[in-house]
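Note sheet for the following structure.
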There are 2 protein chains.
Amino acid sequence: MELSPRKQKILAAVVEQYIKTGEPVGSKFLQSALDISVSSATIRNEMAELAGMGLLDQPHTSAGRVPTTEGYRYYVDHLMGDRKLDDSLKRRIEAGVSIKNASPEGVISKAGEFLAELTNCATVSTIMSGKDARVKRVEFVPIGSRTGMIVLLTSNGIIKSRVCRSDTDLNSSLLEKFYNIVKSAFIGLPLDEIDAATVQTVVASAGSDALAMIPFVTTLSDLIIESERTSVMLEGQSNILHHDSDYGHTAHELLDFLRRDEPLSRILAESRDGVDVRIGSENKFKQLEKSSVIMAKYNVDGDKRGSIGIIGPTRIDYAELIPSVRYLSDLVGKIITRILNEE
Amino acid sequence: MELSPRKQKILAAVVEQYIKTGEPVGSKFLQSALDISVSSATIRNEMAELAGMGLLDQPHTSAGRVPTTEGYRYYVDHLMGDRKLDDSLKRRIEAGVSIKNASPEGVISKAGEFLAELTNCATVSTIMSGKDARVKRVEFVPIGSRTGMIVLLTSNGIIKSRVCRSDTDLNSSLLEKFYNIVKSAFIGLPLDEIDAATVQTVVASAGSDALAMIPFVTTLSDLIIESERTSVMLEGQSNILHHDSDYGHTAHELLDFLRRDEPLSRILAESRDGVDVRIGSENKFKQLEKSSVIMAKYNVDGDKRGSIGIIGPTRIDYAELIPSVRYLSDLVGKIITRILNEE
DNA sequence: TGTTAGCACTCAAATTGTCCGAGTGCTAAC
DNA sequence: GTTAGCACTCGGACAATTTGAGTGCTAACA
């Protein structure tokens, strides 16, 4: 679709003004805002054509124009340009995703929090996962006579721990047995090959101490299953409420939707390399038809990937936020890579 | 304040009906709902007196009556009786707060989640803290050549862990040094005596390895400070949105309020023994003036206490929910006591 | 052929007026 | 102390009216 330079200018001005105010944009305003000197009538003619092409919409006959999904799309693809992040923003982002945090999950969740604050949007993120993540190490930290903490390390750098309790007192022979089981049945095993049935088999092999092993093995396999399932982290939910009117006052439906991990992880999984923008009805879920998603994949060590993104109203500031999300996601990838390699 | 039996009946009926429907209650309805046989005019007279006493309120001249804060208060204190929980509900609660969870924090957070689902309210809870909690044990689980997980156990049963990273490679002498520092400077120390300055002192004592110790000691003291600060867990936020109209359509303000830990922990800290009910304007924070809080202290081992409570609209079902909160909080106390003693 | 001024037109939002009915307060009688 | 009856009040729903922003169209112009 080719647009005359003047139409482009008009479309861009409508989009930008609408993003700024949320009010339909009229021809008279454009006349004064645009530096081209034509009358408002001419602008009306142009706008009518843009509307005919499906790029603008009119809420009602006697109102200004509002961008359609296609209008935003044209703006994002052709008009907004690739604004450079200024250095102060870069520094803010770098400070926000502080490297002090030592675990990959910590970095991601910190980044999500920060991005929510920076953009005033809800943010979603997933921890990275590699093609064939495996169990790398398992430690047991005794705590009480019957309790201990199981620590799981996977080959893609995820660390998870959980307290578990046995029904019988612990002793060194039990512990040894546990470590043997772990070594023979878990270490090196791909995460996705573990399910509820695994516990059965493994426990059975423990012979006389089978019963005592159950809580440990169960907890361990729970941990493994959890770290395999790409869980979605959600931050900044309250930002949604602050834009309630932009969502047609159905913000709470959107919130309910965001609380469900499964659709979110589907959306994030679809993200292509680089920044991906889904505007309004481009989203497959109708709960998102008044929202836009800006998400990016980050790469860790070249082969492990995760996503981080923001969800806001369609009239989100694309020109400002797309570069921010891109920069932040790159940064996250780099930081986590560094963490894993330093180990 | 003494009320005639008939006034009591009327007040109770108004409160209960209003809780059920959210609509102002009129004299005609009461006439048919109440089993006393007087005319609606008489009921109107009685209601006028109740209104004069400040127990009922009229949204406008030609509307039914609505309970005031004082009205609810009278109902809760004198009229609603002490309904027994039926066994099926007890069993539901017991199943909800499953004992499978092995850490005190796990139990609390599970209980909070469950209570939110049971009551359709937001729930807040704090982990228990004792008078003089101390550092009980510290473990270091090496993970990579420069990273490890610090595990903290406190005397009141809280377990916290965090990954931390050093700038230099770890070796056994460093580890030994760390354990020595821990033993001499942290073990047995009351949690509240540790602050940022502690790190300075402790690190300084490490001599030549001071620099290498910084990340570990810092992380450890962060963990300690965190476990001392009674953090508030919040669940079921979305339930607030479902009662938006009950909060005068300012649910998002309430939500923003609930996200701030500090006022919540102040509220929970004020709870007396047993169940405590704060109705509408009895709450000191004006963000809660259209809400009621039902909270209870739970006791662990007799000397450690935490709180769990629900926050809902003033027209919450007190008669049903107060016993539930009481039962659940007792249960939580018992379960955690058992966990700690079994260790 | 593109641009402009002018004007009629449309429609949402705000304003006003009217009516309805639920529910009250009051009074006089019981 | 209770009741029936009646006038009264006020919010909510509905329609009619006004206002103003903004458009579409057309005829004239460059």
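Only this structure's heavy atoms are used, side chains among them; waters, hydrogens and symmetry mates stay out. Being a predicted model, the structure only gives us computed values, none of them experimental. Each chain gets a letter, A, B and so on, in the order its sequence line appears, and its residues count up from 1.
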In whole Å, I'd like the distance from the [atom1] atom of [X] to the [atom2] atom of [N].
| X | N | atom1 | atom2 | answer |
| --- | --- | --- | --- | --- |
| L34(A) | dT3(C) | CG | P | 14 Å |
| I10(B) | dT2(D) | CD1 | P | 10 Å |
| I43(B) | dT3(D) | CD1 | P | 9 Å |
| E46(A) | dT1(C) | CD | P | 16 Å |
| R6(B) | dT3(D) | CZ | C1' | 11 Å |

State the OH-CD distance between Y74(A) and Q8(A), to the nearest 0.5 angstrom.
->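 Going from the OH atom of Y74(A) to the CD atom of Q8(A) covers 4.0 Å.
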
Pairwise salt bridge (Lys or Arg N to Asp or Glu O under 4.0 Å) hits with a residue in residues 279-293 of chain A, at least two apart |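 Checked against salt bridge (Lys or Arg N to Asp or Glu O under 4.0 Å) - neighbours excluded - the pairs reaching residues 279-293 of chain A are R73(A)-E282(A), E270(A)-K284(A).
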
Any pair with a residue in residues 7-16 of chain A that passes salt bridge (Lys or Arg N to Asp or Glu O under 4.0 Å), sequence neighbours left out, goes on the list, sorted by first then second residue, please.
->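 Counting only pairs at least two positions apart or across chains, the salt bridge (Lys or Arg N to Asp or Glu O under 4.0 Å) contacts touching residues 7-16 of chain A are K7(A)-E46(A), K7(A)-E49(A), K9(A)-D35(A).
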
Range-with-range stems of DNA chain C (Watson-Crick or G-U pairs under 3.5 Å, three or more in a row) | C:1-30 with D:1-30

Between protein and nucleotides 11-30 of chain C, map the contacts as a letter string: B base, S sugar-phosphate only, - none, heavy atoms under 4.0 Å, written 5' to 3'.
-> BS---------BSBB-----

Considering residues at least two apart in sequence or located in another chain, which fulfil the side-chain hydrogen bond (donor to acceptor under 3.5 Å, both in side chains) criterion with Y247(B)?
-> none

Salt bridge (Lys or Arg N to Asp or Glu O under 4.0 Å) with E262(B): of R266(B), R259(B), R260(B), only one passes, and it is R266(B)

D246(B): partners by salt bridge (Lys or Arg N to Asp or Glu O under 4.0 Å), with sequence neighbours left out =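 Residues passing salt bridge (Lys or Arg N to Asp or Glu O under 4.0 Å) with D246(B): R315(B).
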
Report yes if some heavy atom in the side chain of K297(A) is under 4.5 Å from a heavy atom in the side chain of S329(A); otherwise report no.
->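 Result no, sub-4.5 Å side-chain heavy-atom pair not found.
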
May I ask you to test the V14(A)-L50(A) pair for a side-chain heavy-atom distance under 4.5 Å?
-> no

With respect to the phosphate group of dT3(D), does any side-chain polar atom (N or O) of T42(B) fall under 4.0 Å of OP1 or OP2?
-> yes

